[in-house]
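Single-structure report; data block below.
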2 protein chains.
Amino acid sequence: MNEKNTTERGYHHGHLRDALIRAADELLAERGLEGFTLRETARRAGVSPAAPSHHFGGTAGLLTEVAALGYQELARRLMVAGESGTPPDRLKAQGVGYVRFALDFPGRFHLMFRHDMLQKDQPSLEQATGQAWDALESTVLAIRGQPEGAELDAEGEAMLIGIWSTAHGFAHLTLDKKLARIDDCGGNEADMLESLFPAIIDTLWVKKLG
Amino acid sequence: MNEKNTTERGYHHGHLRDALIRAADELLAERGLEGFTLRETARRAGVSPAAPSHHFGGTAGLLTEVAALGYQELARRLMVAGESGTPPDRLKAQGVGYVRFALDFPGRFHLMFRHDMLQKDQPSLEQATGQAWDALESTVLAIRGQPEGAELDAEGEAMLIGIWSTAHGFAHLTLDKKLARIDDCGGNEADMLESLFPAIIDTLWVKKLG
DNA sequence: AGCATGATCTTTACACTGTAAAGATCACAT
DNA sequence: ATGTGATCTTTACAGTGTAAAGATCATGCT
């Protein structure tokens with residue numbers, strides 16, 4: 001019944017909703033969040049400027065779906081990073097993975113933390129953010145010696161928010177070129193991630209936890 | 001010669017440049033960065049929509065001056081916070097001061113880290129950011145036992161960027177309501193600053209430094 | 001089969017935005 | 001006093017998001 005997967009012509013697109021999400025994500029990757037435009041997204045999907053609003057209610061609706069995809073990808077990476085090693089090593093790896101995600105997808109990343117552009121009550125978004133949170137939480141639970149599924153104790157909570165804040169802030173500062181004066185790595189983002197950020201984690205966390 | 005400080009009537013405003021910066025800052029405080037508009041700023045200054053561009057070249061020019069003021073205020077607070085106590089205590093106090101600044105002036109804070117909206121080469125901005133950086137650097141130098149004015153060693157650098165990242169990330173996450181599920185403090189930003197953030201610093205940093 | 005119904009997409013329109021270009025006004029030095 | 005340059009206004013234009021109304025089509029009901 002849905003056999004117009006190849007050439008989407010005619011008045012009705014067929015898979016417009018998915019196509020719009022994909023187009024928006026690509027536009028975000030190309031021009032960043034500030035270069036994003038609902039009309040340009042529609043243009044890329046080969047559709048009229050007002051078409052997206054029908055499916056998503058407006059710009060915020062579309063961007064919320066894109067952000068949900070971003071959280072899914074982030075959660076996936078955090079789970080992979082938290083698979084092997086001692087609990088402190090896993091937490092460190094998740095921190096690196098968090099920053100790497102931000103540097104790989106700056107547009108997505110910025111969007112995901114712009115609550116003024118998202119509809120926080122959207123179930124798809126809530127679920128995806130929950131997955132990312134859980135990935136970190138289970139690692140911290142292991143560090144604290146608490147059973148899986150338990151509620152974090154106070155120090156565990158501070159630990160979780162701490163690593164999150166540190167990774168989040170480092171990612172933001174790097175993307176905003178605020179660490180450019182650090183000449184150890186000549187502004188190269190990859191180097192900053194591979195050497196500087198782990199050094200920070202070591203200085204802060206691992207030495208204390210291990 | 002400049003005696004029209006009270007009633008600014010007539011074709012020429014007199015102190016339009018300053019008035020625009022003030023109006024922009026107020027607008028930022030009222031509606032946040034996303035509610036900011038060059039035309040509304042002009043309206044509040046009682047002037048035509050195109051007038052600001054003459055003084056600042058465009059939106060970015062005006063916002064850069066506002067951001068420079070923000071960095072000045074931030075630097076002032078960091079210096080005050082770093083005045084008394086042991087070096088680790090001073091660094092902790094500066095971290096708290098950093099977050100407090102962000103929560104007190106969300107509009108300014110967001111603007112200050114939007115490199116796509118600022119002119120990074122503006123001297124007023126460069127100088128103000130340098131002051132804020134120096135305030136943190138001198139505290140870390142004291143912790144590392146290095147003389148004032150020296151160049152930070154590798155671990156000191158990691159320490160500086162680490163505390164900055166942690167405070168920066170915590171501020172961002174708080175402003176974006178990402179820590180709302182932490183029910184220890186019922187979403188109250190003041191409580192989060194006064195209890196949660198210091199707990200994080202203690203768990204991460206101070207225990208290790210002291 | 002024929003047909004109505006509703007989902008999907010387009011067209012049109014409007015109130016905004018930033019800013020470029022050209023004109024008006026005024027302070028001030030000569 | 002006079003013109004010169006800085007300051008501000010007017011006008012205009014290309015964009016933006018989205019509301020409202022119209023066109024097109026798939027689908028299920030009789």
Side-chain angles (χ1 to χ4, degrees), chain A residues 1-5 7-24 27-28 30-66 107 111 114 116-119, chain B residues 1-24 27-28 30-67 107 111 114 116-119:
Chain A
M1 32 285 280
N2 276 335
E3 299 307 339
K4 37 172 56 179
N5 52 351
T7 62
E8 64 275 358
R9 4 199 98 272
Y11 203 98
H12 290 33
H13 185 146
H15 310 310
L16 182 55
R17 191 187 158 90
D18 293 343
L20 284 171
I21 294 178
R22 215 174 318 152
L27 181 53
L28 238 47
E30 282 181 31
R31 304 194 192 165
L33 181 55
E34 309 321 312
F36 173 85
T37 278
L38 185 61
R39 286 178 111 104
E40 172 66 17
T41 303
R43 243 169 261 139
R44 293 188 174 209
V47 91
S48 87
S53 291
H54 183 263
H55 285 274
F56 302 97
T59 306
L62 170 56
L63 288 180
T64 299
E65 296 302 327
V66 177
L111 170 64
R114 286 288 297 277
D116 56 300
M117 291 186 162
L118 303 178
Q119 310 177 133
Chain B
M1 30 286 280
N2 279 334
E3 300 304 341
K4 37 172 59 178
N5 52 350
T6 58
T7 62
E8 64 277 355
R9 1 199 99 272
Y11 202 97
H12 289 32
H13 186 145
H15 310 308
L16 182 55
R17 190 187 159 88
D18 292 343
L20 284 171
I21 294 178
R22 216 174 318 152
L27 182 53
L28 238 47
E30 283 181 28
R31 304 194 191 166
L33 180 55
E34 309 320 314
F36 172 84
T37 279
L38 185 61
R39 285 179 110 106
E40 173 64 19
T41 304
R43 242 169 261 141
R44 293 188 174 210
V47 91
S48 86
S53 291
H54 183 262
H55 285 274
F56 303 97
T59 306
L62 170 55
L63 288 181
T64 298
E65 296 302 327
V66 177
L111 170 63
R114 286 288 296 274
D116 57 300
M117 291 186 162
L118 304 177
Q119 309 178 91

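Side chains are part of it too, since the values below use all heavy atoms of this structure and drop only hydrogens, waters and symmetry mates. Residue numbers begin at 1 in each chain, while the letters A, B, ... track the order of the sequences.
The side chain of B:Pro49 sits closest to C:dT19 out of C:dT19, C:dT10, D:dT7. In this structure, the nucleotide among D:dT16, D:dT18, C:dG18 sitting nearest to the side chain of A:Thr37 is D:dT16. Here D:dT18 is the nucleotide among D:dC8, D:dT18, C:dT19 with the atom lying nearest to any side-chain atom of A:Ser53. When the nucleotides D:dA19, D:dC8, D:dG17 are ranked by their closest atom to the side chain of B:Leu16, D:dC8 comes out on top.
Taking atom CZ of residue A:Arg43 and atom P of nucleotide C:dT10, one finds them 13 Å apart after rounding to whole Å. Rounded to whole Å, atom C1' of D:dT16 lies 14 Å from atom CG of A:Leu27. Rounded to whole Å, the distance from CG on A:Leu20 to P on C:dT10 is 10 Å. Between the C1' atom of C:dT19 and the NE2 atom of B:His55 lies a distance of 16 Å, rounded to the nearest Å. In this structure, CZ of A:Phe56 is placed 11 Å from P of C:dT8, rounded to the nearest angstrom. At whole-Å resolution of the value, CD in A:Glu34 and P in D:dG17 are 13 Å apart. When rounded to the nearest whole Å, the span between CE of A:Met117 and P of D:dG17 equals 10 Å. Taking atom CZ of residue B:Phe36 and atom P of nucleotide C:dC16, one finds them 17 Å apart after rounding to whole Å.
In this structure the side chain of A:Leu16 never reaches within 4.5 angstrom of the side chain of A:His54, judged on heavy atoms.
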B:Arg22/B:His15 under side chain to side chain contact (heavy atoms under 4.5 Å, CB included): CA gap, chis, key distance, verdict | CA-CA 11 Å; B:Arg22 216 174 318 152; B:His15 310 308; 5.7 Å; no
Side chain to side chain contact (heavy atoms under 4.5 Å, CB included) between A:Leu33 and A:Met117, worked out = CA-CA 11 Å; A:Leu33 181 55; A:Met117 291 186 162; 4.0 Å; yes
For A:Leu38 and A:Leu63, run side chain to side chain contact (heavy atoms under 4.5 Å, CB included): C-alpha distance rounded to whole Å, both residues' side-chain angles, the deciding distance at 0.1 Å, then the answer.
-> CA-CA 9 Å; A:Leu38 185 61; A:Leu63 288 180; over 6 Å; no
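Within the 4.0 angstrom heavy-atom criterion, only backbone atoms of the sugar-phosphate kind lie near B:Thr59; the bases stay farther away. As judged by a 4.0 angstrom heavy-atom cut-off over every strand, B:Ser48 is placed among the base-contacting residues.
Counting distance only, with no hydrogens placed and no angle test, the side-chain atoms of B:Arg39 and the base atoms of C:dT19 include a donor-acceptor pair under 3.5 Å.
Along DNA chain D, the nucleotide nearest to B:Ala51 and the one nearest to A:Gly58 differ in position, and the one closer to the 5' end is contacted by B:Ala51.
Formation of a donor-acceptor pair under 3.5 Å by the B:Thr64 side chain with backbone atoms of B:Gln119 is found in this model.
Remark: B:His54 is not in phosphate contact with C:dA20, judged by side-chain N or O atoms under 4.0 Å from OP1 or OP2. The side chain of B:Arg17 places no N or O atom within less than 4.0 Å of a non-bridging phosphate oxygen (OP1 or OP2) of D:dC8.
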